[in-house]
Amino acid sequence: MKTVHLTFPDGATKEFPASVTALDVAKSIGPRLAADALVARVNGRLVDLLTPIEEDAPIQFVTPSSPEGLQVYRHSSAHLLAAAVLELFPDAHPGVGPPTETGFFYDFYREKPFTEDDLAKLEAKMHELVTADLPYERVYYDKDEGLKLFKEKGEFLKCELIQEKAEPLFSAYKTGRFLDFCRGPHIPSTGRIKAFKLLSVAGAHWKGDEHAYPLQRIYGTSFFTEKELQEFLHQIEEAKKRDHRRLGKDLDLFSIQDDAGAGLIFWHPKGGVIRKEIEDWLREELVARGYDLVFTPHAMRLHLWETSGHTSFYRENMFGPMDVENDQYQLKPMNCPGHILIYKSRVRSYRELPLRFAELGTVYRYERSGVMHGLLRVRGFTQDDAHIFCMTEQLEAEVQACVEFAFSVLRTFGFDRYQVELSARDPNDAAHYAGTDEEWNRAEGALKNTLERMNIPFKVMPGEAVFYGPKIDVKLVDAIGRPWQLTTVQFDFNLPRRFGLEYVGADGKLHTPVMVHRALLGSIERFFGVLIEHYAGAFPLWLAPVQAVVLPISERHSAYARDVAEALRKAKIRAQLDDRNEKLNARIRDAQLQRVPVMLVAGDREAAANAVAVRRRDTGDQGSRPLDETIRWMRELIDSRASKW
RNA sequence: GCCGGCGUAGCUCAGUCGGUAGAGCAACGGUUUCGUAAACCGUAGGUCGGGGGUUCGAUUCCCUUCGCCGGCUCCA
């Protein structure tokens with residue numbers, strides 16, 4: 001009898017009869033493993049537990065404890081969904097259904113849209129199919145024969161996929177009524193799926209192409225245990241509570257108004273205070289780090305944007321030009337050309353480089369109507385923009401300084417986790433990028449060197465570069481683990497050439513400088529939105545629009561409370577007196593709901609001792625303390641811009 | 001832009017199978033003067049997102065437009 005030798009992760013090798021399945025191997029080790037195993041990794045490839053093994057190979061079982069186990073599990077969950085859909089809606093045509101970071105989805109073509117009620121019915125059907133414990137059966141088809149079969153079933157989307165992607169002999173998976181062109185692997189049967197939920201139905205397009213068939217995408221998620229599922233659902237609820245659009249309204253920070261138009265932000269007084277604090281900090285830092293602050297016009301002649309290349313590369317993101325006295329003017333979508341004009345306003349010497357022009361520059365970009373989202377995606381926004389003009393040999397130091405600056409931003413605003421990405425060109429798509437291979441290699445090398453020298457772990461993202469140069473992106477991770485891309489440091493050897501930038505070198509000859517384009521917060525609007533969600537509206541003292549509210553216990557304490565508020569304001573603390581005719585409890589509640597960090601209660605005892613009873617937003621009543629001591633305490637926290645206190 | 005859902009008082013929402021609307025909270029007035037998360041009574045508040053159509057009559061049905069929400073695509 002033919003045998004195969006399988007090597008386990010611990011190095012042990014065992015002999016099995018040929019065509020043994022991974023499931024049998026698992027059983028031979030123990031019933032617990034056989035029950036836990038989802039798929040197996042044989043010879044480096046993930047395979048079904050029921051796939052016969054014909055050759056000697058290393059073998060490893062994939063269990064729920066590994067990330068790829070969860071991926072497979074969710075992929076199988078998507079098949080379960082499709083099987084349920086075909087039971088209840090035979091007129092639906094499956095498209096694709098992969099696992100995602102938080103669950104899975106499946107796309108269908110169907111004349112009638114799915115409703116929320118349909119989701120409940122589908123979930124019930126899925127539970128039925130789990131109880132029925134249907135196998136995920138792997139079958140093979142010859143390409144022509146399989147194509148014919150899918151055509152007969154009317155699965156035109158699957159046919160397209162098979163035509164494009166299938167090997168001459170391709171695999172498919174059968175689960176109940178659902179047959180899918182699929183590479184696999186899958187878990188053994190639907191009975192293994194323990195906890196799942198369908199979350200929403202949304203529109204999508206076949207292959208993500210907006211001109212292709214409109215599809216309906218059903219989103220769901222699944223976990224190995226009900227407890228994990230409930231935790232996940234709870235997390236979604238928590239995220240909703242932090243929604244900056246909700247908090248922006250509740251805390252009166254900003255608004256977006258129909259009368260003005262979509263994607264245009266009105267900063268209310270309280271949001272304005274926070275913006276001013278952010279900007280003040282930023283300007284101080286810019287000056288300290290050798291930047292020059294500049295201001296440039298919001299609209300400039302159109303021809304400038306032709307020179308920069310924006311009219312050809314960026315047209316679909318620009319508002320239309322406006323006629324001005326036989327000439328055309330363009331609302332600026334970026335600040336670079338303005339800064340370049342300042343550079344060009346006179347002859348530059350190598351001695352002045354690097355020149356760092358910074359501007360809180362407000363730009364307007366045309367965004368398609370469906371993409372706006374609160375503060376995170378708008379049509380008018382202010383970038384904390386800067387352009388650094390320097391010599392090639394200064395480049396690495398400048399990039400390093402930018403990245404260090406970015407980290408200082410993160411720390412200041414209480415973010416302690418981040419991810420760094422190096423966006424490089426796609427080596428197989430040279431036509432897509434301006435500049436020579438040599439320039440690109442040098443640019444990417446410079447960015448990579450800098451990150452390595454700084455000991456910063458990063459991921460290289462091929463194909464993610466901008467057309468004019470590679471970039472470093474810093475994604476911060478917020479209080480509940482969501483990544484946000486704000487900081488970008490981009491290398492640009494395109495614009496200096498287009499505008500004919502020069503400097504006189506030590507050799508007395510003219511040279512072309514290189515340019516670094518960087519934004520740290522990205523846009524003030526987006527950053528504010530992220531900040532609101534990060535802090536869930538409970539801003540640290542230095543950012544809080546109202547830093548303290550003074551609460552007299554009854555009317556006879558109003559005069560003293562007014563003095564307290566006055567003293568705080570003299571110390572430049574944003575204090576408000578709340579002497580409304582409401583019970584103390586009600587006023588405390590209002591202050592808590594407004595996330596006011598410090599409440600100062602003033603009653604008989606306090607008035608007699610020139611003191612205040614301090615109540616903190618987070619830890620509650622702190623008891624009576626002298627007023628001057630309290631002011632010192634607050635001033636210190638504000639001046640140090642403490643993000644935690 | 002595309003697919004689907006939605007737009008009623010400042011906010012959250014109910015309601016009218018076509019006969020021009022209601023609650024809670026907020027606001028305002030009064031009573032109450034209170035020690036750490038909602039006192040009580042009363043008053044006022046709506047061109048039912050805008051425009052057009054059908055109809056004796058439209059907030060309700062149809063069309064269109066603007067905006068919002070969930071996605072797709074794109075992005076700071």
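Heavy atoms only: backbone and side chains are in, while hydrogens, waters and symmetry mates are out. So you know, we letter chains A, B, ... as the sequences are listed, proteins then strands, and number each from 1.
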Identified ring-ring contact (aromatic ring centres under 6.0 Å, His included) counterpart of His93(A) within the set Tyr213(A), Tyr106(A), Phe156(A):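 Option passing the ring-ring contact (aromatic ring centres under 6.0 Å, His included) with His93(A): Phe156(A).
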State whether [X] places a side-chain N or O below 4.0 Å from either non-bridging phosphate oxygen (OP1 or OP2) of [N].
X	N	result
Arg368(A)	C72(B)	no
Asn585(A)	A37(B)	yes
Tyr366(A)	G1(B)	yes
Arg245(A)	C69(B)	yes
Arg246(A)	U12(B)	yes

Under 4.0 Å from any atom of RNA chain B, heavy atoms only: list the residues of residues 213-220 of chain A that qualify, in numerical order.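 Correct list: Pro214(A), Arg217(A), Tyr219(A).
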Less than 4.0 Å between a side-chain N and a carboxylate O, is that true for Arg365(A) and Glu316(A)?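 No.
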Figure out the CZ/P separation between Arg587(A) and A26(B), and round it to whole Å.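 Rounded to whole Å, this separation is 15 Å.
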For Arg605(A), salt bridge (Lys or Arg N to Asp or Glu O under 4.0 Å) partners two or more places apart: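 Checked Arg605(A) against salt bridge (Lys or Arg N to Asp or Glu O under 4.0 Å); zero matches.
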On a heavy-atom basis, which atom in Leu253(A) and which in Leu247(A) lie closest, and how many Å separate them?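 So the minimum-distance heavy-atom pair works out to CD1-O, 4.2 Å.
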Could you please name the partner base of C40(B), counting Watson-Crick and G-U wobble pairs only when both distances are under 3.5 Å?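 Paired with G30(B).
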Arg377(A) has a side chain; which of G70(B), C72(B), C74(B) sits nearest to it?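 It is C74(B).
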